[in-house]
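Working notes, beginning with the structure itself.
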Amino acid sequence: MSFIKFLGTAGARFVVMKQLRASGGVWLSVGKTNLYIDPGPGALVRCLSSKPRLDPSTLDGILLTHKHLDHSGDINAMIEAMTQGGFKKRGVLFAPRDAFEEDPVVFKYAIGYVEKTEVLKENSEYQIEDIRFSTTRRNQHQVETYGLNFKTSPHTISFITDTRFFPELPNLYGGEILVIHAVRLKAIGDEPIEHLSIEDVKSILKKAKPRLTILTHFGMTMIEAKPWAVAAELEKELGLKIIAASDGMKIDLEGDLNDE
Ligand SMILES: [Zn+2]
């Protein structure tokens, strides 16, 4: 069965530090292929305590969108779990170059445990067994990161990870399912916090018109505003199907998207 499961919906520092939401990232299964996206703090524990349990030794790969701690905290633990402590060389690790270079987040010994490392670059195509995906142009964030478009079937999926809004952004994502890291309720002018606000999300959705939008990666202002209430209001305003992810939420990728 193909599915996405949210093992965390926390975004940015305070929600992660206080664990107001879990910060484990996302498990994506398509056909027989299992890919883990952004193993933030607690990813390993969230996999093992998930019901039904998700077994990291069945992962075919791990994709790190960027090196910030809320995305990468458990990267080495998950590599060890995928490779059974390095005894079984296995899997592909995808990450931008700066996750490996100065102030790296992936240990050298752990890189030796995976079968292959692929450096994410802008506008490039990648494949891991049944999952094909491409990167967008570079996001505007303090560290190197790219948006993702998964050419999965029967539904394509796009992921907008952390970035500041920029005018071309709404044109880069064609997925029927759009996962957006909606960190902030309101924009805060020129402060150096390069995250999307709900105003930005509106601009994106008006253009991209996905069949199903999933908001996740919530910061404090979104938690206070209750993500499900924000999603319901957006849904009414835009006339699109929009939901807020919750910890442990699983979306069946083979079902009818209107049922979600
Ligand atoms: Zn970030």
Side-chain angles (χ1 to χ4, degrees), residues 1-10 21-40 42-65 71 74-75 77-79 81-84 88 90-94 114-116 118 125-134 147-161 173-181 210-217 227-228 231 240-260:
M1 190 190 123
S2 300
F3 65 89
I4 319 179
K5 188 160 186 177
F6 290 81
L7 296 169
T9 54
R21 291 282 183 116
S23 49
V26 171
W27 181 295
L28 174 64
S29 281
V30 176
K32 289 196 176 79
T33 309
N34 298 321
L35 178 67
Y36 205 94
I37 304 170
D38 284 350
L44 179 56
V45 173
R46 299 286 167 183
C47 278
L48 298 177
S49 59
S50 171
K51 289 191 177 79
R53 183 169 170 268
L54 291 167
D55 178 0
S57 71
T58 65
L59 284 171
D60 299 287
I62 300 174
L63 189 163
L64 182 62
T65 64
H71 300 256
D74 261 12
I75 183 77
M78 287 299 285
I79 291 173
M82 175 172 74
T83 60
Q84 298 182 33
K88 206 168 164 230
R90 179 183 170 87
V92 185
L93 171 65
F94 300 93
V114 299
E115 217 153 32
K116 193 170 154 196
E118 289 226 42
E125 304 267 340
Y126 301 86
Q127 177 149 14
I128 172 164
E129 320 242 339
D130 296 337
I131 302 178
R132 275 198 309 134
F133 66 94
S134 58
L148 303 166
N149 284 300
F150 290 93
K151 295 168 186 88
T152 42
S153 107
H155 304 298
T156 50
I157 310 166
S158 295
F159 264 80
I160 309 184
T161 183
Y173 299 92
E176 290 169 75
I177 301 172
L178 179 57
V179 179
I180 305 185
H181 285 194
R211 286 188 52 204
L212 172 65
T213 301
I214 305 171
L215 308 178
T216 188
H217 208 63
W228 62 92
L240 294 164
K241 179 91 189 140
I242 301 165
I243 58 176
S246 52
D247 292 342
M249 185 180 86
K250 186 173 174 180
I251 301 286
D252 175 3
L253 295 176
E254 282 159 29
D256 182 348
L257 297 181
N258 295 321
D259 295 345
E260 298 303 341

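Values reported hereafter were calculated over all heavy atoms of this structure, with side chains retained and with hydrogens, waters and symmetry mates removed.
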Report yes or no: do Ser57 and Lys88 form a side-chain donor-acceptor pair below 3.5 Å?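 No, no side-chain donor-acceptor pair sits under 3.5 Å.
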Short side-chain donor-acceptor distance under 3.5 Å, Asp60 and Thr33: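 Per modelled atom types, Thr33 and Asp60 side chains form no pair under 3.5 Å.
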Quick check: does any side chain N or O of [X] sit under 3.5 Å from a backbone N or O of [Y], one acting as donor and the other as acceptor?
| X | Y | result |
| --- | --- | --- |
| Thr213 | Leu178 | no |
| Glu115 | Val92 | no |
| Asp130 | Gly31 | no |

Could you measure the distance from the [atom1] atom of [X] to the [atom2] atom of [Y]? Nearest 0.5 Å is fine.
| X | Y | atom1 | atom2 | answer |
| --- | --- | --- | --- | --- |
| Leu93 | Ile62 | CG | CD1 | 6.5 Å |
| Glu176 | Lys241 | CD | NZ | 15.5 Å |
| Ile131 | Lys32 | CD1 | NZ | 13.5 Å |
| Ile160 | Leu215 | CD1 | CG | 10.5 Å |

Side-chain touch [X]/[Y], heavy atoms, less than 4.5 angstrom:
| X | Y | result |
| --- | --- | --- |
| Phe150 | Ile37 | yes |
| Leu148 | Thr161 | no |
| Leu253 | Ser29 | no |
| Ile251 | Ile243 | yes |
| Lys151 | Ser134 | yes |
| Thr65 | Phe159 | no |
| Leu28 | Ile157 | yes |

Restricting to side chain to side chain donor-acceptor pair (under 3.5 Å), what partner residues turn up for Ser158, sequence neighbours left out?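 Ser158 satisfies side chain to side chain donor-acceptor pair (under 3.5 Å) with Asn149 only.
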Non-neighbouring partners of Ser153 that pass side chain to side chain donor-acceptor pair (under 3.5 Å), sequence neighbours left out: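 If we apply the side chain to side chain donor-acceptor pair (under 3.5 Å) test to Ser153, skipping adjacent residues, there are no hits.
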Run the side-chain contact (heavy atoms from CB on, under 4.5 Å) test on Leu7 and Leu54 for me, step by step, so that the C-alpha distance in whole Å, both residues' side-chain angles and the decisive distance to 0.1 Å come before the verdict. CA-CA 10 Å; Leu7 296 169; Leu54 291 167; 3.9 Å; yes
Fit a plane to each ring of Tyr126 and Phe94, take the angle between them on a 0 to 90° scale, and name the class: parallel (under 30°), tilted (30 to 60°) or perpendicular (over 60°).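 Tyr126 and Phe94: perpendicular rings.
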Which class fits the ring pair His217 and His181: parallel under 30°, tilted 30 to 60°, perpendicular over 60°?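 Taking His181 first and then His217, their aromatic rings lie parallel (interplane angle under 30°).
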Just do the side-chain contact (heavy atoms from CB on, under 4.5 Å) check on Glu118 and Ile128 with the steps written out, would you? CA-CA 10 Å; Glu118 289 226 42; Ile128 172 164; over 6 Å; no
Nearest heavy-atom pair of [X] and [Y]: which atoms, and what distance?
| X | Y | answer |
| --- | --- | --- |
| Gly147 | Tyr173 | CA-OH, 3.1 Å |
| Leu59 | Arg90 | O-NE, 2.7 Å |
| Glu254 | Asp252 | N-OD1, 2.8 Å |
| Thr58 | Asn34 | O-ND2, 3.1 Å |
| Tyr36 | Cys47 | CE1-SG, 3.5 Å |
| Leu44 | Ala81 | CD1-CB, 3.7 Å |

Show your reasoning for whether side-chain contact (heavy atoms from CB on, under 4.5 Å) applies to Leu212 and His155. CA-CA 10 Å; Leu212 172 65; His155 304 298; over 6 Å; no
Going through the distances and angles, do Thr152 and Ile177 end up as a side-chain contact (heavy atoms from CB on, under 4.5 Å)? CA-CA 10 Å; Thr152 42; Ile177 301 172; over 6 Å; no
